[in-house]
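Data first, discussion second: the structure below is written as structure tokens.
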Amino acid sequence: MPETLVEMKNITKTFPGVKALDDAQLTLYKGEVLGLLGENGAGKSTLMNVLGGVYIPDSGSISIDGKEAKITNVVDAQNLGVAFIHQEIALVPYLSVAENVFLGRERMSAGMVDKRKMYEEAKQWLDMVGLDVNPATMLCKLSIGRQQMVEIAKACSLNMKLLIMDEPTSSLSESEVDSLFEMIRKLKNRGIGIIYISHKLEEVFTITDRVCVMRDGGYVGTIITKESDRDTLVSMMVGRALDNYYTRTFNEPGEVVFEVKNINSGIRVKNCSFKVRKGEIVGFYGLVGAGRSELVKAAMGLYPRDSGTVYVKGEDVSKLPTMKIQERGVALVPENRKLEGLILKNTIAFNMTISVLNKFMKHFRVNAKKEKEIVDNGITSLAIKTPSGQQKAGNLSGGNQQKIVLAKWLASDPDILILDEPTRGVDVGAKAEIYKIMNDLAAKGMAIIMISSEMPEIVNMCDRLIIMSDGRISGELDKSEFDQQRILHYVFAEEK
Ligand SMILES: Nc1ncnc2c1ncn2[C@@H]1O[C@H](COP(=O)(O)OP(=O)(O)OP(=O)(O)O)[C@@H](O)[C@H]1O
Ligand SMILES: [Mg+2]
């Protein structure tokens, strides 16, 4: 019989207008990886925030190691051995790695911070997680994957019993994911319990022992991963079976509406050229850092171009500022919703309509009815979970924030839509919804560019695939030529 490490029972938590947790429960054993699954807004992060001392529940009980746990703040949770790696990195970018590990418990001697001692100790923890960096390095110099390893090193130094990871792989490259999984297995062997939140089912099947599913703030059930399959998990999450995951009806594409010729931008974009036609979906695939986001940003004038030309519907727009390019019908949905896509302290309605103000403004007066129409339409068509359009964007769950960014750009009704990782952090049901919307838009003649790191969606949704490696376009494949081997050949083209 496995030993129980954490038991959460009857947990309820209400925010104004939202019952985020409704009689939720969870049991975690020692030395296991427990997947925590559910649709966007199901309450996963909130339940973990309760365990981590970020939120105090309205009711319910928590026990750790068989003893009732009184968790009223983050420090309580830390003292009980709870370590938490949040959906977004929570370290301080402009401090050294060592300072981040010992933040709030700096190593002192004679009333002064003892840097040498701190670096030495930090080095031991970094070695333990197999991270080969100098503890004096400034954190922001590291890749996201390495920053995450620093968070794990920090958690280890805090003597954790359990580690919560909220969508840890959303910004990691494939090799970083591999080393993260290796680390998770090591921690597991040391008896640490791990709660792993993810929307990527392949990962859940690879790394978890059991899976706990939540829906609408409540508990659905817990199952043993080996004895389960994709369809079972999906129907537990969504409450029904999802047929038709990828929707795509292929049409004969029309004329070229977007063309990029010989673009160069710094060291990340090297002499790239491509064309996109009306009604087609073109995928951009490559490793994290291959230059895909930089290329589209350079094309949109968001990054400086050293050379190259951009044509929108035949017109040379190379000299135009980004806003003028947008006005000609090009929309870019960025990958980093927190930094580029959303104003978190403003309402959903504000965020959704900011790109289309001209559609319902007349002589500087806002047409409230039109605005409401756009907002309601966005909320329904993408199934955004919120009490109303007046909710602050920052209060929504991670995946629902992503959906607002998408809704905002769809509202502008572009002819050319560029999506950078559109389904990152989005649950299975909403993914299917986004695929369906993309299909409908393409069928109506929209030209769509989709940057994605997920091979299955690229292969199933695209007419054509452009592969980038080290800043260059290393290959282009037509639908009939899609095959994993071939794609990977181009992905690693520059590394030989
Ligand atoms: N501080 C807050 N104020 C108001 N509502 C909140 C707050 N935090 C969370 N919520 C709401 O609680 C519900 C659960 O959110 P939570 O972040 O736990 O979802 P999640 O399962 O983690 O979703 P995702 O997969 O999108 O990250 C959502 O409806 C969300 O809008
Ligand atoms: Mg979440």
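Numbering of ligands and ligand atoms starts at 1, following listing order.
Only the backbone of Glu39 comes within 4.0 Å of ligand 1, counting heavy atoms alone; no side-chain atom from C-beta on gets that close.
Judged by the shortest distance from any of its heavy atoms, Gln402 lies outside the 4.0 Å radius around the atoms of ligand 1. The shell of residues lying under 4.0 angstrom from ligand 1, judged by heavy atoms, includes Ala42.
Close contacts of ligand 1 with Val18, meaning ligand atoms under 4.0 Å from a residue heavy atom, involve 11 (C), 12 (O), 29 (O). Against a heavy-atom cut-off of under 4.0 Å, Ser45 is close to the following atoms of ligand 1: 17 (O), 18 (O), 20 (P), 22 (O). Per-residue contacts place Glu167 under 4.0 angstrom from the following atoms of ligand 1 (heavy atoms of the residue considered): 25 (O), 27 (O). Counting the atoms of ligand 1 from 1 in the order shown, those under 4.0 Å from a heavy atom of Leu396 are 31 (O).
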task = Check step by step if side chain to side chain donor-acceptor pair (under 3.5 Å) holds for Ser412 and Gln326.
result = CA-CA 9 Å; Ser412 76; Gln326 284 168 356; over 6 Å; no
request  = Give the intermediate values and the outcome of side chain to side chain donor-acceptor pair (under 3.5 Å) for residues Ser198 and Glu203.
outcome  = CA-CA 8 Å; Ser198 177; Glu203 286 184 355; 3.1 Å; yes
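Within the 3.5 Å criterion, the main-chain N or O of Val33 finds no donor-acceptor partner in the side chain of Thr208. A side-chain donor-acceptor contact under 3.5 Å links Lys154 to the backbone of Asn100.
For atom 15 (O) of ligand 1, the closest heavy atom belonging to the protein is Thr46 OG1, 3.6 Å. In this structure, the protein non-hydrogen atom closest to atom 12 (O) of ligand 1 is Ala20 CB, 3.2 Å. For atom 1 (N) of ligand 1, the nearest non-hydrogen atom of the protein is Tyr55 OH, 3.3 Å. Protein heavy atom at the shortest distance from atom 8 (N) of ligand 1 is Phe15 CE1, 3.4 Å. Protein heavy atom closest to atom 17 (O) of ligand 1, with residue, atom name and distance, is Ser397 CB, 3.3 Å. Considering only non-hydrogen protein atoms, atom 14 (C) of ligand 1 sits nearest to Gly41 O, 3.4 Å. Residue, atom and distance of the protein heavy atom nearest to atom 10 (N) of ligand 1 are Asn395 O, 3.3 Å. The closest protein non-hydrogen atom to atom 27 (O) of ligand 1 is Gln87 NE2, 3.1 Å.
At least one N, O or S atom of Ser45, from either the backbone or the side chain, sits less than 2.8 Å from the Mg ion (ligand 2).
Using a 4.0 Å cut-off between a side-chain N of Lys or Arg and a carboxylate O of Asp or Glu, Asp65 and Lys161 qualify as a salt bridge. The existence of a salt bridge linking Arg248 and Asp463 is confirmed by a sub-4.0 Å separation between a basic side-chain nitrogen and an acidic carboxylate oxygen.
Taking only non-hydrogen atoms, the option from Asn400, Asn40, Val54 nearest to atom 24 (P) of ligand 1 is Asn40. With atom 21 (O) of ligand 1 as the reference point, the heavy atom nearest to it among Lys403, Lys44, Gln391, Met48 is part of Lys44.
Here the side chains of Phe84 and Gln78 are not in contact, with every heavy-atom distance at 4.5 Å or above.
Test Asp427, Val426, Val428, Thr423 against His199 for side chain to side chain contact (heavy atoms under 4.5 Å, CB included) and you get one pass: Asp427.
Counted by atom type alone, Glu457 and Tyr435 present one or more donor-acceptor pairs between their side chains at under 3.5 Å. Using modelled atom types, one finds no donor on one side chain facing an acceptor on the other under 3.5 Å when comparing Asn351 with Asn346.
Residue Gly43 has at least one N or O atom closer than 3.5 Å to an N or O atom of ligand 1. For ligand 1, the polar-atom distance check finds no N/O of Gly425 at less than 3.5 Å from any of the ligand's N/O atoms.
Across every non-hydrogen atom of Asp132 and Arg146, the tightest pair is O-NH1, 4.0 Å.
Other residues, nucleotides and ligands contribute more than 12 heavy atoms inside 6.0 Å of the NZ atom of Lys186.
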